[in-house]
Amino acid sequence: MAEPADKPEGSLTESPDATEESPEEMEMNEIFQEKPASSHAIHPDGNERPPISHSVFGKIPKRYIVAFMAFLGFCNVYMLRVNLSVAIVAMVSNMSVEHEDGAVTYIQEFYWDSKLQGMVLGSFFYGYIVTQIPGGWLATKFGGKVLFGGGIAMTALLTLFTPLAIRGGAYTLMGIRIVEGLFEGVTYPSIHAIWKNWAPPLERSQLATAAFSGSYVGTFLCLPICGVLAEHVGWPSIFYVFGALGLVWFVGWWFIVTDSPATHSTISYQELEYIRQTIIVEGGVAKDGAVPWKKVLTSGPVWAILVAHFCENWGFYTMLTSLPLFLQQIFHYDLDEDGVLSAVPYLVMAVVVMGSGQLADFLRQRQLLSTTAVRKIFNCTAFVIQAIFMTAVAFTHDAVAAISCLTVAIGVGGLAWSGFSVNHLDIAPQYASLLMGVSNCIATIPGIVSPSVVGQLVQHKLATEWEMVFFIAAGVYLFGAIIYAVFASGELQPWAEGSVQYVLCSDEDYSEADKEGMIQDEEEEEDVRRETGDGKEDDKETSDSDFVK
């Protein structure tokens with residue numbers, strides 16, 4: 001890690017007297033806690049912050065625990081979103097009824113044609129798109145913990161009432177799904193408000209993608225479980241099970257996670273110092289009304305993110321809402337098989353997302369590739385491969401070949417999430433939540449449009465009709481690859497400079513010797529203060545100035 005020239009060798013903290021702080025720097029110090037605490041730092045609640053824990057759980061860095069809880073949160077986000085894709089297959093399918101005389105008749109519980117089904121599946125996104133930008137703004141103002149957790153909790157609560165809404169008809173169901181979308185719309189923008197404070201720059205890809213991979217693990221778990229529940233218990237059980245899981249997760253999130261490391265009650269001193277020493281304040285924070293919207297909306301890298309996010313979501317949402325129908329209509333799988341086969345691509349995608357995040361940060365930490373090169377290579381490689389295999393699905397009519405191609409096409413999309421999805425933090429970290437809100441707003445359009453497009457194209461359940469669905473997806477991916485390759489960047493943009501500067505050092509660079517030396521220096525200073533009789537006053541001063549209350 002590069003150190004300032006006036007910084008004493010062997011120390012990672014600047015002397016508070018070295019330079020005079022501007023008002024903006026003082027404001028940022030309150031947020032990021034630039035002034036170091038003592039080795040047993042005083043938390044705002046008056047308790048000492050432990051320098052290190054000797055338990056197995058305590059030794060796990062708290063930023064990884066935050067990532068794990070975010071991972072489980074995104075599992076719930078997608079389980080709550082996807083469950084209807086399987087439930088609706090059971091709701092509109094013919095059911096056999098055996099009478100006392102041995103005769104068998106077939107009945108359909110809900111007579112919804114393909115167009116109405118497309119409208120029902122797409123209704124969630126009418127609400128989802130509305131709260132993207134407000135969610136980013138609110139997360140910037142109030143932090144991500146409440147928005148992320150509250151959005152999922154309210155969606156889970158509404159999911160428990162979904163069977164009742166379904167009995168009221170298709171339009172009642174659409175109404176409750178729109179409201180669910182309103183609450184879930186804040187989740188993606190708000191998580192960047194968490195990573196802005198918790199993710200060291202060279203761990204940004206792996207922490208963010210580890211959390212995002214929960215979306216695909218959730219989809220993988222949801223589809224087969226929904227199939228089993230629908231087949232053996234009844235479709236209403238789908239909504240009760242996943243609604244309850246979402247509420248249980250929220251309790252854990254509320255008591256474990258904080259908006260920033262400085263307000264975490266059990267984070268070790270070493271981890272707190274490592275995180276805040278990789279974020280150096282320079283010039284202040286974004287003020288109310290200070291977002292340079294004209295420069296943001298005319299920025300090539302911003303538009304590269306918007307287009308890439310839209311294109312990835314077009315293919316993803318098309319398959320997310322329609323893959324169970326495709327497998328049933330073309331290859332005649334029952335719900336048990338349908339759920340399992342529909343889930344496999346998302347397991348592959350989850351693995352690819354997590355692996356690509358690790359690889360992306362490895363390449364950056366070793367300085368083998370620039371951030372810009374990493375983002376472009378990962379994103380464009382994913383899109384090109386997805387286009388190729390989506391086209392291949394259109395030309396094959398063999399079940400095994402089609403499912404294999406779809407698995408690759410969906411799974412390899414995980415590479416792109418180490419491109420566009422964390423790119424907001426590269427180009428404008430202080431506006432990352434807002435930019436994610438804007439890009440996810442644009443990327444929600446496919447969720448609204450693609451189910452209706454599929455409903456219009458596939459009216460007779462023919463393979464030739466499904467071919468056009470895959471051709472459109474392939475073309476969208478190729479367009480996204482071209483735009484991202486030309487306009488994307490991994491560098492801090494001029495319109496975003498002057499607020500937060502990141503020091504690119506890994507946890508390995510932040511050696512134990514540095515940590516121990518820093519602690520030893522501060523312990524010596526504390527001994528001197530005690531000898532002069534100023535210990536209690538200084539301790540109080542440290543407590544008041546070093547932590548946000």
Side-chain angles (χ1 to χ4, degrees), residues 75-100 102-114 116-118 120-121 124 156 158-170 173 176-177 180 215-246 248 319-348 350 399-400 402-403 406-407 410 451 454-455 458 461 466:
C75 280
N76 280 281
V77 164
Y78 267 75
M79 288 191 291
L80 295 168
R81 186 183 308 185
V82 173
N83 51 28
L84 185 61
S85 297
V86 177
I88 200 171
V89 176
M91 290 157 54
V92 302
S93 295
N94 291 326
M95 297 184 297
S96 60
V97 178
E98 187 174 353
H99 300 278
E100 293 181 358
V104 177
T105 58
Y106 294 91
I107 61 171
Q108 189 175 356
E109 191 170 2
F110 296 93
Y111 295 92
W112 298 349
D113 61 22
S114 61
L116 184 56
Q117 290 177 45
V120 169
L121 290 171
F124 172 91
L158 289 169
T159 298
L160 294 175
F161 293 96
T162 298
L164 182 62
I166 291 173
R167 298 300 180 188
L173 172 60
I176 200 169
R177 291 288 288 181
E180 288 178 15
S215 304
Y216 314 113
V217 172
T219 304
F220 167 75
L221 295 174
C222 180
L223 291 174
I225 292 173
C226 286
V228 172
L229 290 173
E231 190 78 11
H232 301 289
V233 183
W235 59 261
S237 63
I238 293 173
F239 303 102
Y240 298 136
V241 168
F242 291 107
L245 285 175
V248 170
M319 291 297 97
L320 187 66
T321 57
S322 304
L323 186 53
L325 287 174
F326 171 70
L327 294 177
Q328 186 199 48
Q329 292 179 4
I330 303 303
F331 300 114
H332 310 293
Y333 288 110
D334 60 31
L335 281 175
D336 283 350
E337 295 174 308
D338 197 347
V340 173
L341 291 173
S342 298
V344 170
Y346 301 103
L347 176 62
V348 175
V400 175
I403 293 170
L406 282 171
T407 299
I410 295 172
V454 173
V458 185
K461 304 180 182 179
W466 279 100

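All values below were derived from every heavy atom in this structure, side-chain atoms included, with hydrogens, water molecules and symmetry-related copies excluded. Since this is a predicted model, take the numbers as computed values, not measurements.
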Can you say whether the rings of F326 and F331 are parallel (under 30°), tilted (30 to 60°) or perpendicular (over 60°)?
-> perpendicular
Which atoms form the tightest heavy-atom contact between [X] and [Y], and what is the distance?
X    : Y    : value
P236 : R167 : CG-NH2, 4.5 Å
G243 : A156 : O-CB, 3.3 Å
R81  : R177 : O-NH2, 3.0 Å

Would you indicate whether the side-chain heavy atoms of [Y] and [X] approach each other to under 4.5 Å?
X    : Y    : result
I403 : V344 : no
D113 : L116 : yes
I88  : W235 : no
L121 : L84  : yes
Y240 : P163 : yes

For the atom pair [atom1] ([X]) and [atom2] ([Y]), what is the distance rounded to the nearest 0.5 Å?
X    : Y    : atom1 : atom2 : answer
Q329 : W466 : CD    : CH2   : 5.5 Å
T159 : F242 : OG1   : CZ    : 10.5 Å
T162 : L160 : OG1   : CG    : 8.0 Å

Taking it one step at a time, do I410 and V348 satisfy side chain to side chain contact (heavy atoms under 4.5 Å, CB included)?
-> CA-CA 8 Å; I410 295 172; V348 175; over 6 Å; no
With respect to Y346, which candidate in V217, L223, T407 satisfies the side chain to side chain contact (heavy atoms under 4.5 Å, CB included) definition?
-> L223
Answer yes if the ring centres of F161 and F239 are under 6.0 angstrom apart, and no otherwise.
-> no
Any donor-acceptor pair under 3.5 Å linking the side chain of N83 with the backbone of I238?
-> no
So, does E180 use its side chain to make a donor-acceptor pair with the main chain of F124 at under 3.5 Å?
-> no
